[in-house]
Amino acid sequence: AQSVSQHNHHVILSEAASLELGCNYSYGGTVNLFWYVQYPGQHLQLLLKYFSGDPLVKGIKGFEAEFIKSKFSFNLRKPSVQWSDTAEYFCAVSLIYNQGGKLIFGQGTELSVKP
Amino acid sequence: GAGVSQSPRYKVAKRGQDVALRCDPISGHVSLFWYQQALGQGPEFLTYFQNEAQLDKSGLPSDRFFAERPEGSVSTLKIQRTQQEDSAVYLCASSTRGQGNTEAFFGQGTRLTVV
């Protein structure tokens, strides 16, 4: 079965530190890749997505992610985090040809940014 | 509407009670998904509708779970004879079409607590 693995459950950073959250998936076929963010008390929101083309994708609020097909990875990065980035981050995969676009999520990474 | 709306936001049920959770997708969205998110975990797929047709119910954990979308808009997730392991946040998402390269928009979820 397909799965998504996020390496860090809880990350604590100071403001202005750089961020990298790891995400690996297990599926040999073509996938679509997503990062969703959930701010405290809010719903899941799309941060960025990769469907095809340039493997380096840029999202909202200065986030970017790089798809490395050979490593089955889609790591999220931000050069300088802010206190307002405190949230839970979910990596997700959908299989390109089936199942209507249902998402397979990782277990999430909680990011705490200290002011 | 402006976003995906779910009701109630919170539900406490006694073990053995039946519950019904409602989802109002974004107007015009063809696809509708239900996910279950246990504490500390990522969302897990339950079921998928394209218009009124339930095309995938592979994620429903038991025959106590039932979902419907009779007119292709509002959807209801029903859980019969609730058990403690059903305690979770139930998320609804909708998208414009049933393909993997489409952004899904999430509601805020219904937090179900079974006591």
Side-chain angles (χ1 to χ4, degrees), chain A residues 1-10 21-25 27 29-53 57 59-60 67 76 87-110, chain B residues 1-7 9-10 23-26 29-51 53-60 67 69 88-111:
Chain A
Q2 300 86 27
S3 66
V4 176
S5 176
Q6 293 183 238
H7 312 304
N8 312 99
H9 291 295
H10 192 186
L21 302 182
C23 173
N24 285 88
Y25 63 94
Y27 181 66
T30 305
V31 294
N32 301 302
L33 296 154
F34 305 81
W35 276 96
Y36 278 84
V37 61
Q38 188 167 28
Y39 298 103
Q42 297 189 26
H43 59 279
L44 278 166
Q45 302 172 42
L46 183 67
L47 201 53
L48 49 77
K49 60 185 182 286
Y50 172 80
F51 296 154
S52 63
V57 292
I60 60 171
F67 171 48
L76 181 70
E88 189 147 21
Y89 293 80
F90 294 94
C91 181
V93 163
S94 71
L95 307 182
I96 195 165
Y97 287 123
N98 64 5
Q99 298 159 346
K102 79 178 189 185
L103 295 165
I104 303 161
F105 284 89
Q107 65 268 48
T109 297
E110 185 180 348
Chain B
V4 178
S5 177
Q6 292 187 246
S7 60
R9 288 291 310 281
Y10 304 92
C23 172
D24 251 299
I26 294 172
H29 277 195
V30 166
S31 298
L32 186 145
F33 304 82
W34 283 99
Y35 292 85
Q36 180 190 59
Q37 186 176 15
L39 190 64
Q41 301 296 317
E44 291 193 1
F45 171 79
L46 293 176
T47 188
Y48 158 63
F49 289 85
Q50 186 162 320
N51 295 306
Q54 189 175 20
L55 298 186
D56 186 349
K57 53 182 180 179
S58 62
L60 296 177
R69 192 186 186 198
V89 176
Y90 291 85
L91 298 171
C92 177
S94 70
S95 66
T96 54
R97 55 200 170 117
Q99 294 180 17
N101 59 350
T102 306
E103 178 182 351
F105 294 84
F106 283 81
Q108 290 196 285
T110 294
R111 182 178 297 277

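Letters A, B, ... are given to chains in the order of the sequence lines, protein chains preceding strands, and every chain is numbered from 1.
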Visitor: Less than 4.5 Å to any heavy atom of chain B: does that hold for the side chain of A:Tyr36, its backbone, both, or neither?
Guide: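 Interface part for A:Tyr36: side chain.
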
Visitor: For A:Phe90 versus B:Gln37, what's the shortest heavy-atom pair and its separation?
Guide: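 Closest approach of A:Phe90 to B:Gln37: CZ-NE2, 3.3 Å.
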
Visitor: Side-chain contact, heavy-atom cut-off 4.5 Å: B:Phe33 with A:Leu103?
Guide: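 A side-chain contact under 4.5 Å is absent here.
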
Visitor: Sequence neighbours excluded, which residues qualify as side chain to side chain contact (heavy atoms under 4.5 Å, CB included) partners of B:Ser58?
Guide: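 Listed in chain order: A:Lys102, B:Phe45, B:Asp56.
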
Visitor: Does any heavy atom of chain A fall under 4.5 Å from the side chain of B:Ala38, the backbone, both, or neither of them?
Guide: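 Looking at B:Ala38, nothing touches chain A.
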
Visitor: If you count the non-hydrogen atoms of other residues, nucleotides and ligands that lie under 6.0 Å from OH in B:Tyr10, is the total more than 12?
Guide: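 Atom OH in B:Tyr10 is not packed in, count stays at 12 or less.
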
Visitor: Is A:Ile60 atom CD1 crowded by more than 12 heavy atoms from other residues, nucleotides or ligands, each under 6.0 Å away?
Guide: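 Counting other residues, nucleotides and ligands, CD1 of A:Ile60 exceeds 12 neighbours.
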
Visitor: Might you point out which heavy atoms bring A:His43 and B:Phe106 nearest each other, and give the distance in Å?
Guide: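 Smallest heavy-atom distance, with atoms named: CD2-O, 3.4 Å.
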
Visitor: Identify which part of B:Phe105 has an atom lying under 4.5 Å from any heavy atom of chain A, answering side chain, backbone, both or neither.
Guide: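 Contact with chain A: none, neither part.
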
Visitor: For A:Leu48, does its backbone N or O pair with a side-chain atom of B:Glu103 as donor and acceptor, under 3.5 Å?
Guide: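 Absent.
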
Visitor: Would one find more than 12 heavy atoms of other residues, nucleotides or ligands at under 6.0 Å from atom CD of B:Glu44?
Guide: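 Count not over threshold, so no.
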
